[in-house]
*Asks:* 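Here it is, the structure in full.
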Amino acid sequence: MSAEPTERIAASLERAVAEMGAAGVQVRLERPRVGSHGDWASNVAMVLAPKLGRPPRQVAEDLLNRAGEIEGVDRAEVAGPGFLNFFLDAGASGSALPRILDMGDRYGSGDEGAGRAVMVEFVSANPTGPLHLGHGRQAALGDAIARLLEWTGWKAHREFYFNDAGGQIDRLAESVRARFQQIFGRDEPVPENGYHGEYVAEIAAAFRERHGDRYRDDRTEAALEAMRAFAVARLRQEHETGLEAFGVRFDEYYPETRLYSDGRVRETIQALDETGLTYRQDGACWLRTTRFGDQKDRVMVKSDGSPTYFLPDVAYHMSKWERGFHHVINVQGADHHSTTDRVRAGLQALGRPPEYPEYVLHQMVTVERDGQEIRFSKRAGSYTTLAGLVAEVGAEVARYFFLMRRPEAHLVFDLDLALDQSEKNPVYKVQYAHARLCQLLDQGAKGVVVGRGTQSPSAPRRLLDQGAKKGRDLSGARADPRLLTAAAERDLARQLGEFPAFVERAAANRAPQVVCAYLEQTAGLVNSWYQAGHPSRGPELSALVGNEALRNARLTLARAARTVLRNGLAVLGLQAPKRMHREVPDVVGGGVGVGQGVPAEGIVAAAVEGRARPVADGGPSAASRARSAVAGGRPSAASRAQSAAAG
RNA sequence: GCGCCCGUAGCUCAGGUGGAAGAGCAUCGGCCUUCUAAGCCGACGGUCCCAGGUUCGAGUCCUGGCGGGCGUACCA
């Protein structure tokens with residue numbers, strides 16, 4: 001193929017435009033969002049119409065007539081208010097397939113980043129309590145954004161920052177001490193502004209397990225310090241293992257105290273002083289952040305001589321810069337948005353660019369259970385933890401839930417829905433489509449043939465022999481995409497070709513939900529294509545037809561689709577299973593434990609029952625349990641609901 | 001008061017460089033003798049919060065409202 005079809009279309013249109021006496025009008029081609037609007041569309045007639053004083057549709061007709069036949073274009077039409085829609089022939093629309101197979105698990109990657117370093121800082125939870133769902137959203141977002149950047153040629157560094165000193169850690173230590181004393185029956189209440197969650201008592205119990213009664217009557221600072229260190233270490237460990245269970249790893253954990261111990265905070269004060277933008281007022285030391293667009297000046301050092309949070313924040317970002325990260329993305333909850341202006345202002349005072357660092361601020365996560373909102377509060381001790389959520393719905397579902405919405409949109413996490421209907425979750429649709437393609441390709445490799453009339457026992461054997469003779473050819477590396485003429489095939493092929501553009505856009509906009517939407521759409525096209533060729537429906541449209549050339553082309557399409565789904569899931573940090581098992585819960589069919597070799601009737605019975613009986617009002621029905629258990633290997637919805645209530 | 005975010009189908013939400021209104025759930029109706037029905041096909045469902053403006057064209061951009069969320073510390 002000499003030139004891309006788009007170039008030929010554009011050239012033909014530009015010639016036609018010039019003929020109509022409107023040279024210089026830019027011809028732009030765009031991908032219509034809907035398949036029925038063709039492979040490419042142009043708005044040039046509508047731009048031209050007012051200049052020529054003629055109706056746009058008439059101009060469009062005229063343009064088409066003048067453009068004539070275009071190589072690679074099957075047909076063209078005037079549509080809507082005056083769009084020109086071009087439909088490529090099958091060879092052109094399937095032209096991405098060889099490239100997909102060539103690139104394999106790198107298909108979709110790009111090199112916009114050109115190997116530059118970028119830091120993504122996310123989660124950054126303080127060791128004063130367990131990770132909650134807001135941290136979960138951040139973990140999913142930060143990791144997915146880092147992955148997107150890696151896919152587009154950046155070298156991503158994942159960093160977790162935490163405050164391991166200061167007033168809140170003091171209160172944590174005091175809270176642990178109170179709980180510790182309570183173990184011995186002493187009436188020492190947790191401080192009013194301390195941490196009241198159950199986990200504090202657990203820490204105290206663990207502390208006693210480690211140290212016995214040694215600190216029982218020790219009210220010294222050293223005892224408090226021991227508890228502080230113990231609690232921080234334990235919570236830090238809990239965060240790391242929790243994130244690991246969630247599938248997120250960090251390159252570096254950066255403690256706030258390091259900024260003090262290595263003198264960076266002091267250096268930052270000095271450097272800011274030298275800018276002449278600091279002043280003293282009311283006994284405190286201020287920085288003129290208003291010079292850089294902040295709403296008011298900020299205190300750097302309080303009148304009691306201790307620094308505010310603002311100062312180490314600036315020092316920390318100077319450390320990032322000096323470590324070579326001139327591109328930094330901070331993923332934070334929107335409740336931190338007030339700090340972004342002042343931190344950037346402080347950094348500008350030190351000569352950093354105004355857009356450093358970049359922020360992705362996600363809106364809050366609220367959780368509803370039984371139709372009621374649950375409020376998060378570390379101090380009240382009533383909140384839902386990330387670990388609890390992962391235990392309930394699994395890491396994959398939780399991750400996808402957090403990613404499928406724009407970060408700046410409020411996320412309502414309906415626990416009931418996530419529990420009872422998790423198998424209807426889009427992530428299963430995508431993973432299932434992938435597993436389905438794997439099975440199909442497996443059948444293809446075995447030489448299985450479907451279709452009425454061709455089912456003589458010798459047919460598979462014959463194909464197997466041919467396949468063996470021709471080696472890899474059966475896998476379709478040299479298949480002819482022009483044979484993919486059915487609508488479902490062409491729609492799918494076209495969609496697969498757009499994957500790299502979606503990854504690039506998602507990365508540029510720090511928008512993982514774009515990938516989610518793409519995957520769901522692709523999975524839908526895969527399923528439509530698959531169903532259209534289902535043996536019971538249209539065996540002549542199946543990939544497993546007897547005609548070898550057609551079979552090759554369709555199996556190539558399946559391989560390409562599998563590659564795209566697998567890569568897309570990898571971009572989000574999700575698994576691409578080769579096989580998905582349904583597990584029929586023992587409540588159906590009286591304790592029939594069913595695993596891999598399930599009799600088909602069992603599956604169908606459960607599925608039918610599941611559909612026939614919606615969830616009744618008191619609790620989960622057998623039907624909903626059947627659906628829940630499908631998610632695989634986890635407790636039934638009933639027992640999970642109980643554990644949720646207990647948590 | 002001021003700042004940021006949100007307002008799209010009954011519900012939860014996607015909507016690219018401004019271009020032809022979408023998905024899932026819910027409801028209703030079809031589709032398993034043969035590749036996994038965790039699926040597919042169809043129907044129903046819209047004042048894209050309101051009012052102006054820019055434009056050949058606005059869910060998208062601009063201005064002003066209305067409604068909701070979050071923030072607005074010498075807290076951490």
Side-chain angles (χ1 to χ4, degrees), chain A residues 28 30-34 36-37 41 43 45-51 56 79-83 85 126 128 163 166-169 171 193 282-286 295-296 298-304 306 308-309 333-341 361-364 366 404-412 414 417 421 423-426 428-429 431-433 435-436 439-444 448-452 455 501-502 505 509 513-514 516-517 520-521 523-524 527-537 539 542-544 579-582 600 603-604 607-608 611 614 627 630-631:
Chain A
R28 262 183 33 197
E30 59 190 24
R31 282 289 207 191
R33 292 184 201 172
V34 206
S36 62
H37 294 153
N43 64 346
M46 291 180 289
V47 178
L48 225 52
K51 297 191 199 306
F83 283 101
N85 292 341
N126 291 336
T128 52
N163 306 118
Q168 59 177 348
I169 300 292
R171 290 205 305 277
N193 57 357
D282 305 329
C285 186
W286 299 67
Q295 282 193 291
K296 50 174 286 195
R298 304 293 171 176
V299 172
M300 301 182 343
V301 182
K302 295 186 246 178
S303 49
D304 67 3
S306 63
T308 60
Y309 247 50
D335 53 342
H336 287 86
H337 75 76
S338 63
T339 67
T340 63
D341 280 349
L361 298 178
H362 69 83
Q363 286 296 315
M364 307 312 283
T366 54
M404 64 196 282
R405 306 298 181 216
R406 294 146 69 217
E408 59 269 25
H410 183 92
L411 182 71
V412 177
D414 187 334
L417 198 74
Q421 306 192 345
E423 73 291 345
K424 289 176 185 165
N425 190 294
Y428 289 120
K429 177 174 182 170
Q431 290 181 324
Y432 180 56
R436 174 176 259 176
Q439 296 306 307
L440 181 65
L441 286 163
D442 199 36
Q443 300 288 329
V448 172
V449 172
V450 298
R452 281 183 258 271
Q455 272 187 308
F502 271 82
R505 183 154 54 86
N509 296 336
Q513 85 278 0
V514 166
C516 294
E520 286 169 45
Q521 211 176 5
N527 285 331
S528 292
W529 171 71
Y530 179 91
Q531 290 284 345
H534 194 273
S536 68
R537 193 184 301 260
S542 171
L544 305 178
R579 221 188 156 88
M580 294 182 78
H581 301 295
R582 320 183 75 187
I603 295 174
V604 172
V608 167
R611 230 170 280 130
R627 286 196 297 269
V630 153

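These numbers were taken from a predicted model, which means no experiment stands behind them.
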*Asks:* Examine the base of B:C74 for any acceptor or donor lying under 3.5 Å from a partner atom in the side chain of A:S303, and report the outcome as yes or no.
*Replies:* yes
*Asks:* Of the listed nucleotides (B:A20, B:C35, B:C6), which one gets closest to any side-chain atom of A:E408?
*Replies:* B:C6
*Asks:* Would you kindly say whether A:D304 and A:S306 are connected by a side-chain donor-acceptor distance under 3.5 Å?
*Replies:* yes
*Asks:* If you pin A:Q531 and A:D341 to their nearest nucleotides in RNA chain B, which one's is more 5'?
*Replies:* A:D341
*Asks:* Using purine N1 to pyrimidine N3 plus N6-O4 or O6-N4 for Watson-Crick, or N1-O2 and O6-N3 for G-U wobble, both under 3.5 Å, which nucleotide pairs with B:G24?
*Replies:* B:C11
*Asks:* Would you say a side-chain N or O of A:K429 is under 4.0 Å from OP1 or OP2 of B:C40?
*Replies:* yes
*Asks:* Can you tell me if A:K302 touches the phosphate of B:C75, counting only side-chain N or O atoms and a distance under 4.0 Å to OP1 or OP2?
*Replies:* yes
*Asks:* Of A:R406 and A:A523, whose nearest nucleotide on RNA chain B comes first from the 5' end?
*Replies:* A:R406
*Asks:* B:C13 C1' sits how many Å from A:R405 CZ, rounded?
*Replies:* 4 Å
*Asks:* The side chain of A:H534 is closest to which nucleotide in this list: B:G16, B:G19, B:A37?
*Replies:* B:A37
*Asks:* Return the nearest nucleotide to the side chain of A:H337; candidates are B:G71, B:C40, B:C74.
*Replies:* B:G71
*Asks:* Counting side-chain heavy atoms from CB outward, which of B:A38, B:C35, B:C40 is closest to A:N527?
*Replies:* B:C40
*Asks:* At less than 4.0 Å, is any side-chain N or O atom of A:T308 found next to OP1 or OP2 of B:A76? Yes or no.
*Replies:* no
*Asks:* Using the side-chain heavy atoms of A:R436, tell me which of these nucleotides is nearest: B:C5, B:C41, B:G39.
*Replies:* B:G39
*Asks:* Using the rule for Phe, Tyr, His and the six-membered ring of Trp, do A:Y309 and B:A76 stack at under 5.5 Å and under 30°?
*Replies:* yes
*Asks:* For the base of B:G19, is there a side-chain donor-acceptor partner from A:N43 under 3.5 Å away?
*Replies:* yes
*Asks:* With the side chain of A:Y428 defined as its heavy atoms from C-beta on, choose the nearest nucleotide among B:A38, B:G3, B:C35.
*Replies:* B:A38
*Asks:* Could you let me know what B:U47 is paired to, Watson-Crick or G-U wobble, both distances under 3.5 Å, or none if it's on its own?
*Replies:* none
*Asks:* Determine whether a donor-acceptor pair (one donor, one acceptor, N or O, separation below 3.5 Å) exists between the side chain of A:N126 and the base of B:A76.
*Replies:* no
*Asks:* Given B:G16, B:A76, B:A20, which nucleotide is nearest the side-chain atoms of A:R505?
*Replies:* B:G16
*Asks:* Name the pairing partner of B:U33, where a pair is Watson-Crick or G-U wobble with both distances under 3.5 Å, or state none.
*Replies:* none
